[in-house]
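Numbered from 1 within each chain, the chains take letters A, B, ... in sequence-line order.
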2 protein chains.
Amino acid sequence: MERGCEDIPTRDAETGHAAQDATLRGFLGYHVKRAMSVLQADLAGAIEPFGLRMMSYSALVVIVDNPGLRQAQLADLLAVERPNLVAVIDDLEGKGLIMRHKTLADRRAYALMPTAEGIDTAAKASEANRAAEARRLAGLSAEDRAVVIRVMNMIERGEGGSAR
Amino acid sequence: MERGCEDIPTRDAETGHAAQDATLRGFLGYHVKRAMSVLQADLAGAIEPFGLRMMSYSALVVIVDNPGLRQAQLADLLAVERPNLVAVIDDLEGKGLIMRHKTLADRRAYALMPTAEGIDTAAKASEANRAAEARRLAGLSAEDRAVVIRVMNMIERGEGGSAR
DNA sequence: AAACATAGTTACACAGGATATCTATTAATC
DNA sequence: GATTAATAGATATCCTGTGTAACTATGTTT
């Protein structure tokens, strides 16, 4: 990999213009991705005091909402592959926030049950998340918020014409 | 980690109700994250035929838009840390899409220059991405699209009230 | 009973992203 | 002008999220 060594000036050394990502800005996905990274950082900061990260928080909240859920159902709900949940569930169980109850009906499956502490932690973490999101979106009108959620749902469900 | 073994039924075995992520759906960030994963998959599929992935595609497009750019500037623009770009630039250079030109002005820095093939590939990949996004967003009105982009920018720039 | 399917697990791989540290070089300061 | 500080890029690690393949114990079908 030989490298040229001519007198090619660095961009803004010559023009004084700031470099731009204009082409990428033409894509809605690019804007969504950059906003997502801010929202993800907000979430991480909000739930970190509870020893939770995005996946463990999401899993905990869904288990609290759906006591008795099986791991495969949880994976479907969160749209992740089953193997990715094993360590997450291990972590939540190790922290005493949920329990894996063997079911008699199907001895392969676990019924995931939140503990009292899990229910409490989920509520507190969600409140922290809610507060962080409220701060981040303080200037957002209810109408704009509704549009964003509707569009994100449309994208997620493959409505606007779907892919391929 | 002992596991209980009582007769706790699996959720929908008893209720027949589908499990829900209602609490998570209360957060705008959750909707954005799920949509983002669809958009990311679209992008990956669109640019994969060109041997590009999200980061290499983004870097290539920015270099084409800003010939002579330095790596640190590119990192700032894409909001990633400098070390993460090294392998990406190596890859683009190895594929003959860009060149690292040593500058005489500052012999530490490289001026990143797209090759003719790089310019061509960037154009084709962007067109594929544009087409994929157009399919995905076919049902989206111009107004809704504008709202989404405005809100994402607001979030990215920390306008609606900022964090903390 | 045999074949097949399923729940959870293990092992592995890969992309995206961050930090700390090293080198060559440039800029600043005494 | 020599020493110190700052900068560009590179290297080495590490972490999180996410996916696939294959294994085990069960359950279900045929």
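- A distance of 6.0 Å separates CD of A/Q40 from CG of A/L43, quoted to the nearest 0.5 Å.
- The CD1 atom of B/I149 sits 12.5 Å away from the OH atom of A/Y30 when rounded to the nearest 0.5 Å.
- Here A/L112 contributes atom CG and A/L74 contributes atom CG; the two are 6.5 Å apart, rounded to the nearest 0.5 Å.
- Classification of B/K124 and B/E127 as a salt-bridged pair fails, no side-chain N sitting under 4.0 Å from a carboxylate O.
- Nucleotide C/dG16 holds its P atom 16 Å from the CE atom of A/M36, rounded to whole Å.
- Spacing between atom CZ of B/R53 and atom C1' of C/dC14 amounts to 8 Å, rounded to whole angstrom units.
- Rounding to whole angstrom units, CD of residue A/E81 and P of C/dA7 are separated by 13 Å.
- One finds the CG atom of B/D42 at 8.0 Å from the CZ atom of B/R135 (value rounded to the nearest 0.5 Å).
- Look at CZ on B/R82: it is 21 Å from P on D/dT13, rounded to the nearest Å.
- With rounding to whole Å, B/L78 atom CG is found 12 Å from C/dG16 atom P.
- Whole-Å rounding puts the A/Q73 CD to C/dA7 P distance at 9 Å.
- The distance between atom OH of B/Y110 and atom C1' of C/dT25, rounded to the nearest whole Å, is 12 Å.
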Give every pair of a protein N or O atom and an N or O atom of nucleotides 11-13 of chain C that lie under 3.5 Å apart, one pair per line with the distance.
none

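- Residue A/L85 is the one, among A/K33 and A/L85, whose nearest nucleotide of DNA chain C lies closer to the 5' end (criterion: closest heavy atom).
- A distance of 10.5 Å separates CZ of A/R157 from CZ of B/R34, quoted to the nearest 0.5 Å.
- Look at NE2 on B/H101: it is 18 Å from C1' on D/dA8, rounded to the nearest Å.
- Both B/V80 and A/V86 lie near DNA chain C, and the one whose nearest nucleotide falls closer to the 5' end is A/V86.
- Partner B/R150 forms a side chain to side chain contact (heavy atoms under 4.5 Å, CB included) with one of A/L140, A/D144, A/V147 and no other, that one being A/D144.
- If you take CG on A/L78 and CG on A/N84, they are separated by 11.0 Å, rounding to the nearest 0.5 Å.
- Ionic pairing of B/D91 and B/R53 is not present here: no N-O contact between side-chain nitrogen and carboxylate oxygen is shorter than 4.0 angstrom.
- Among the atoms of the strands shown, only primed sugar atoms or phosphate atoms (P, OP1, OP2) are found under 4.0 Å from some heavy atom of B/Q71.
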Identify the pairs formed between an N or O of the protein and an N or O of nucleotides 26-30 of chain D at a distance under 3.5 Å, and give each distance.
unit_1 : atom_1 : unit_2 : atom_2 : d
D/dT26 : O2     : A/R108 : NH1    : 3.2
D/dG27 : OP1    : A/R107 : N      : 2.8
D/dG27 : O4'    : A/R108 : NH2    : 3.4

